[in-house]
Protein chains: 2
Amino acid sequence: MVEHKNRTEKKYYNIASLEKGIRMLELLAAHGELSVSEAARLMDTNRAGSHRFISTLKDLGYVEKNSSNKYQPTLKIMALSQKVADRFEIRRMAKPHMHRLSMMYKETINLGLFKNQEIIHIDKIDSLEVLRMDSALGDKAPAYCTGLGKSILAFLPDHELDHYVNTVDRRPLAPNTITDKDEFLQELSRIRRNGYAIDDEEMTIGLRCIAAPIFDHNHYPAYAISISGPAMRLTHRALEDIKSHILKVSEDLSHKMGS
Amino acid sequence: MVEHKNRTEKKYYNIASLEKGIRMLELLAAHGELSVSEAARLMDTNRAGSHRFISTLKDLGYVEKNSSNKYQPTLKIMALSQKVADRFEIRRMAKPHMHRLSMMYKETINLGLFKNQEIIHIDKIDSLEVLRMDSALGDKAPAYCTGLGKSILAFLPDHELDHYVNTVDRRPLAPNTITDKDEFLQELSRIRRNGYAIDDEEMTIGLRCIAAPIFDHNHYPAYAISISGPAMRLTHRALEDIKSHILKVSEDLSHKMGS
DNA sequence: ATAATACGTATCATATATTGAAACGTTCGT
DNA sequence: ACGAACGTTTCAATATATGATACGTATTAT
C-alpha cells in the first residue's frame with residue numbers, strides 16, 4: 001500500500017493526466033497494438049480508465065482501432081516528429097563543418113533558420129577571441145540586415161520575397177543598414193549572382209559577416225551558415241579567403257539535405 | 001460566456017488535460033519554440049496554466065528549455081515515431097507487390113510481422129474466390145506451423161531460434177503440423193537453403209501457403225510475405241511457379257528496407 | 001449447443017486533480 | 001535606474017478524472 005501512493009513526491013504542479021496519456025501512447029507504440037484491457041493491466045488501472053485515455057488519443061487522431069479490436073498508433077505522430085527532426089537534422093549535419101570553419105578562421109560560426117520573416121540562431125560555435133559577437137541560441141535577428149538573412153532572402157521564391165520587401169520595416173540599426181528598397185533589391189540580386197552574402201556593419205557597428213544559404217529537400221533556402229567577427233579582423237581581404245570555403249560548405253550541406 | 005462553455009458537447013469521458021497537453025506539444029512543434037507566455041496566449045489560458053503543461057512535457061523529456069528561455073520539442077518524439085513508422089513503412093512498400101501477386105495468382109496475399117514469438121498479420125489482400133482463408137488484420141498466429149512464421153524462424157539469430165524451439169509448445173493444429181523437434185529443425189534448415197517456406201496444411205486443414213522472409217536494416221527477418229489458398233487450387237505444381245516470384249518480391253522488399 | 005467468462009463501452013456520484021488568482025524574484029526594454 | 005513582462009511557486013475553489021456499476025457483445029469452455 002506504500003509503493004502505491006508514493007507519487008506524492010512529484011512536483012504537484014505537473015499534470016498527472018497528461019503524463020498518463022503520454023505513457024499510454026508510449027505503451028501502444030512499444031507494443032504495436034494493445035486492447036483496452038491489456039492497456040489497463042499495463043497502466044495499473046481498470047478498463048474504464050484505460051478506455052478513457054485510449055478514446056481521447058483516438059479522437060485526437062493518434063490512435064486507431066484495428067479489425068481485431070486492438071488499438072494501435074497512427075502515422076500522425078510522424079507529422080509531429082518530422083517538424084522536430086528537421087530542426088535537429090541540419091544541426092547534426094552542420095556541426096563538423098562548423099567546427100572545421102571555427103578552427104580555420106578563429107571566428108564565430110552561426111547556423112540560422114528562417115522563420116516568420118526572421119532569422120533564428122539554431123546553433124553556433126563561439127570564437128575563442130576576447131572580442132566576439134555574443135549571441136545566444138534561439139536569439140532572433142532581422143533578416144534584411146544580417147548575412148544569414150540576406151543570403152536566404154536572395155533565394156526566396158518571388159512571391160515570398162515580394163511580400164517580405166513590401167511588409168518588413170527596414171529600420172537602420174547600424175551605419176550601413178540598407179534601407180532603400182531599390183538598393184536592397186540590387187543587393188539581393190548581387191547575392192544571387194555570388195551565392196553568398198556579406199553583412200558589412202549593417203546590423204551592428206564594428207561587426208562584419210559572410211553567409212551562404214542552405215537549401216532543404218524542397219530547394220527552399222531554409223537555413224544559412226555564417227562566419228562573423230569584428231571588422232578589424234574580418235577585413236575584406238580576409239573575407240575573400242573565406243568565401244570559397246563557406247560556399248563549399250553550404251553546397252555540401254544543401255546536398256546532404258536532399259537539395 | 002456561451003462560447004466559453006460549449007465544450008459540454010464533448011464526449012464527457014475524454015480526458016481534457018490530455019487533449020490540452022497534446023495540443024501544447026503540437027503547438028511547440030509547429031512553432032519550433034515558444035515561451036511560456038506565448039504558449040499561454042495560443043492556448044487561451046494564463047501563464048501558470050501554460051507553465052504546468054510545458055513543465056510536465058519537460059519532465060517527460062519531450063520538451064527542453066533553450067538558452068533564450070523558450071521551450072522546444074526534443075528528439076524524444078522521434079523514438080515514438082520510429083516505432084510506429086516501421087510498422088507502416090513495410091506496409092506502404094509492400095502494397096504494390098502484394099497487388100501484383102494478387103492479380104497474378106488470385107489467392108490471398110499476407111504480410112506478417114514477427115513479435116513475441118508470434119506472427120501478427122499487418123496487411124493482406126483477400127482472394128476474390130469464394131473459397132478463401134478469412135483472416136483479419138491484427139490477428140495472431142503461431143510461427144511454428146505457418147509459412148510466414150517458419151520463413152522467419154529459419155533466419156533468426158541462433159540464440160533467438162534456440163530459445164524459440166525450446167520454449168514454444170508445438171501443439172498439432174492440423175494433420176501435418178511438425179511437432180518433433182529434430183524434424184522441425186531439419187525443416188528450418190531446408191527453408192534456409194531454399195529461401196522460402198511452405199506450409200502444407202500444418203495449421204489449417206486444406207490450407208497451403210508459400211512464404212518468404214523480409215529483412216530489415218539490421219538484417220533481421222522482421223517480416224514475411226505469403227500467398228495462401230486452398231490445397232486443391234494451390235497445388236505443389238502451382239507453388240513451383242509462384243516460388244521465384246515471391247522470392248523476388250521478398251528480396252526486393254528487404255533491399256528497400258535497407259538490408 | 002449452451003453456459004460462463006472476458007471484453008468494450010457508457011453512466012454516475014464522489015474524491016481528486018486542475019484551475020486562476022496572487023505573489024515573488026528575475027529578466028528585458030527603455 | 002526604473003517599470004513592465006516574464007517564469008515560477010503556492011493555495012483555495014471547483015471543474016475534472018476516477019472507480020464502481022451496468023449492459024450488450026464477443027470469445028472461450030463445457
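Side chains are part of it too, since the values below use all heavy atoms of this structure and drop only hydrogens, waters and symmetry mates. Naming: A, B, ... by sequence-line order, numbering from 1 per chain.
A straight line from CD1 of B/I15 to P of D/dA17 spans 5 Å, rounded to a whole angstrom. One can place CZ of B/F53 at 11 Å from C1' of D/dT16, the figure rounded to the nearest angstrom. Atom CD1 of B/I54 is separated from atom C1' of D/dT8 by 12 Å (rounded to the nearest Å). Atom CG in B/L18 sits roughly 9 Å away from atom P in D/dA17 (whole-Å rounding). To the nearest angstrom, C1' of C/dT19 lies 13 Å from CE of B/M43. Here the P atom of nucleotide D/dA15 and the CZ atom of B/R52 are 15 Å apart, to the nearest Å. The interatomic distance linking A/N14 (CG) with C/dT18 (P) rounds to 9 Å, in whole Å. Note: NZ (A/K58) to C1' (C/dT9) measures 10 Å, nearest angstrom.
Residue A/K20 has no polar side-chain atom (N or O) positioned under 4.0 Å from OP1 or OP2 of D/dA17. In terms of phosphate contacts, A/S17 brings a side-chain nitrogen or oxygen within less than 4.0 Å of OP1 or OP2 of C/dT18.
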Only pairs under 3.5 Å count here: list side-chain donor-acceptor contacts from residues 36-43 of chain A, not counting sequence neighbours, and write none if there are none.
| from | atom 1 | to | atom 2 | distance (Å) |
| --- | --- | --- | --- | --- |
| A/E38 | OE1 | A/S35 | N | 2.8 |
| A/E38 | OE1 | A/S35 | OG | 3.4 |
| A/E38 | OE1 | A/K70 | NZ | 3.4 |
| A/E38 | OE2 | A/K70 | NZ | 3.0 |

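The pair A/E64-A/K58 does not meet the salt-bridge criterion, since no charged nitrogen lies less than 4.0 angstrom from a carboxylate oxygen. The residues A/R208 and A/D199 are annotated as not salt-bridged, no charged nitrogen and carboxylate oxygen being separated by less than 4.0 angstrom. The residues A/E89 and A/R92 are annotated as salt-bridged, a charged nitrogen and a carboxylate oxygen being separated by less than 4.0 angstrom. Look at A/E187 and A/K150 and you find a salt bridge, because one of the NZ, NE, NH1 or NH2 atoms lies within 4.0 Å of a carboxylate O, short of that distance.
A donor atom on one side chain and an acceptor atom on the other are not found under 3.5 Å apart for A/N176 and A/E201.
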So which protein N/O to nucleotides 3-8 of chain C N/O distances come out below 3.5 Å?
| from | atom 1 | to | atom 2 | distance (Å) |
| --- | --- | --- | --- | --- |
| C/dC7 | O5' | A/S37 | OG | 3.4 |
| C/dG8 | OP1 | A/V36 | N | 3.1 |
| C/dG8 | OP2 | A/S37 | N | 2.8 |
| C/dG8 | OP2 | A/S37 | OG | 2.8 |
| C/dG8 | N7 | A/R47 | NH1 | 2.6 |
| C/dG8 | O6 | A/R47 | NH1 | 3.0 |

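By the side chain to side chain contact (heavy atoms under 4.5 Å, CB included) test, A/N69 pairs with A/K65, sequence neighbours left out.
Residue-level contact check: A/A16 touches the backbone only, with heavy atoms under 4.0 Å from sugar-phosphate atoms and none from bases.
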